[in-house]
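Scroll down for the structure; my scribbles are underneath it.
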There are 2 protein chains.
Amino acid sequence: MVVDHLSVTFAALSDPTRRSIVARLTAGPATVMELAAPFSISQQAISKHLAYLENAHLIERKRAGRQNFCAIKPDTIREVADWAEGYRRIWENNFQRLDALLAEMKSEKKLSPKSAKPAVKKRKEHETQ
Amino acid sequence: MVVDHLSVTFAALSDPTRRSIVARLTAGPATVMELAAPFSISQQAISKHLAYLENAHLIERKRAGRQNFCAIKPDTIREVADWAEGYRRIWENNFQRLDALLAEMKSEKKLSPKSAKPAVKKRKEHETQ
DNA sequence: ATGATCCACAACCATATGGTTGTGGATAAC
DNA sequence: GTTATCCACAACCATATGGTTGTGGATCAT
C-alpha cells in the first residue's frame, strides 16, 4: 500500500467519482446518501470511495445519529495546489523543448561524448516528492 | 483502465518514483539511464514508469540513436495546478467547518426533518472533473 | 565483425483498486 | 415494539499496478 502523504492524495484524486464527490462537497457538507444519489453505483461503493478520501485527509466524516456527514478538508487540496504550483516556473518559461535541445546537441557534435549530457543551463532543481 | 484525462494524470503522479522523475526533469531532459541511476529498481521498472508518464502526457520521449531522451511536458502539470487552484476559494475562506455546521444544526432542531439538509449558504458549485 | 550499451517488450507475481452482493448495527419513524 | 432508513463491514471478483527476470533489437565502440 502506498504510504507517503502526497501519493495517497494523488491516488485518491485519480478517480472521477471521487473528484466529483470532492466537487460536490465544495457546496457544503452532505450525508453519504446525498453524495451517493447522483451515481449509479451502489451505496457500498460510495462508502469505499469516501473511505479513500478520508484516508487521504481530503474529507472528514462525522456521525450524527444515523447520518454520517462528510465535509471537505481544504488544507489537503491546498497541498496539491502547492505541489503543482511549484512547477509554475517551468510552464511559464516553457523552456527546454526537447526538439530544440536535440537540435542544439546535434549542432554541437564536436563535444566529447562525456559532455553529451543535456547542455542545459543548470537551475535550482525542483524539490523531490 | 482509466480513460479520462485528469484521472490518468493524477494516477501517474500518485507514485513517488514518478514524481521524483518529474522533479528531476525540471533540471532539463535526460536519458532513461540517467533517470534510472538514482533508483535501486531495475531499468525495466523505470521504463514502465516512463511509459505511464508519457501516457499521461507528463513527459515526451524522443529517440536519438541508442538513447531515448525524456523531457517534461509543462502543460499537463499546469492542468493539475489549474484543477487544484479551482478550489482556492475553499481553503482561503476555510468555510463550512463540519463541527460548526453540526452545532448549528443541533441548535436548529426545530427545523422540519425535510430541511435537515446542510443549512449552508449556497455558493456556485465547483465544476466537476 | 565483435562486443558492449541503451532501452523496451513479454511473461510472471503479489498486492491494490473499483465494483458487486450479502449482511447487520444503530438510529429514527410509526 | 416494529419497521424502515442510513451506513459500513466482509467476502468475492476482474483488472490494474509495481516490481521482477529473461530477452533481444538497435546502435555505438573497438
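Note on naming: letters A, B, ... go to the chains in the order of the sequence lines (proteins, then strands), and numbering restarts at 1 for each one. Hydrogens, waters and symmetry mates are skipped; everything else that's a heavy atom, side chains included, is used.
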What distance do B/T17 atom OG1 and B/L53 atom CG have between them, rounded to the nearest 0.5 Å? 10.0 Å
Find which nucleotide of DNA chain C each of B/R66 and B/I46 is nearest to by heavy atoms, and output the residue with the more 5' nucleotide. B/R66
A/R63 CZ - D/dT5 C1' separation (whole Å): 11 Å
Phosphate oxygens OP1/OP2 of C/dG19: is one of them under 4.0 Å from a side-chain N or O of A/H49? yes
To the nearest angstrom, the OH-P distance between B/Y52 and D/dA16 comes to 10 Å
Among D/dC6, D/dG18, C/dC7, the nucleotide that comes nearest once only the side chain of B/V32 is considered: C/dC7
Nearest to the side chain of B/M33, which nucleotide is it out of C/dC7, D/dG19, D/dA8? C/dC7
Can you tell me how far P of C/dA4 sits from CD of B/Q67, to the nearest Å? 19 Å
Rounding to 0.5 Å, atoms CD1 (B/I77) and CD1 (A/I90) come to a distance of 5.5 Å
Rounded to whole Å, CD of A/E34 lies from C1' of D/dT5 at a distance of 14 Å
Can you tell me which residue pairs pass the salt bridge (charged side-chain N to carboxylate O under 4.0 Å, His left out) test with a partner in residues 6-15 of chain B, sequence neighbours excluded? none
Minimum-distance nucleotide to A/T31 side chain [options: C/dA8, D/dC7, C/dC6]: D/dC7
Would you tell me whether B/R66 and B/T31 have side-chain atoms, one donor and one acceptor, within less than 3.5 Å of each other? no
What is the separation between atom CZ on A/F10 and atom P on D/dT17, rounded to the nearest whole Å? 17 Å
Atom CZ of B/F39 and atom C1' of C/dC7 are separated, to the nearest Å, by 17 Å
Does A/R61 have a side-chain nitrogen or oxygen under 4.0 Å from the phosphate oxygens OP1 or OP2 of D/dC7? no
Nearest-Å distance, CZ (B/F69) to C1' (C/dT5)? 14 Å
Strictly under 3.5 Å: I want the nitrogen or oxygen pairs between protein and nucleotides 20-23 of chain D, one per line.
{"unit_1": "D/dT20", "atom_1": "OP2", "unit_2": "B/S42", "atom_2": "N", "d": "3.0"}
{"unit_1": "D/dT20", "atom_1": "OP2", "unit_2": "B/S42", "atom_2": "OG", "d": "2.9"}
{"unit_1": "D/dG22", "atom_1": "O6", "unit_2": "B/Q44", "atom_2": "NE2", "d": "2.8"}

Distance in Å, A/M33 CE paired with A/N68 CG, rounded so as to fall on 0.5 Å steps: 11.5 Å
Measure from CG on B/N68 to C1' on D/dA26 and round the result to the nearest Å. 12 Å
Can you pull the salt bridge (charged side-chain N to carboxylate O under 4.0 Å, His left out) pairs that have at least one residue in residues 44-54 of chain A, sequence neighbours excluded? A/E54-A/R61
Without hydrogens or angle criteria, can the side chains of B/S7 and A/R19 be said to hold a donor-acceptor pair below 3.5 Å? yes
Which residues satisfy the side-chain contact (heavy atoms from CB on, under 4.5 Å) test with B/E79, sequence neighbours excluded? B/H5
Residues in side-chain contact (heavy atoms from CB on, under 4.5 Å) with A/R88, at least two apart? A/E85, A/W91, A/E92
When the rotation axes relating C1' atoms of four end pairs to the next four are compared across the helix from C/dA1-D/dT30 to C/dC30-D/dG1, five pairs an end, they differ to 10° by 20°
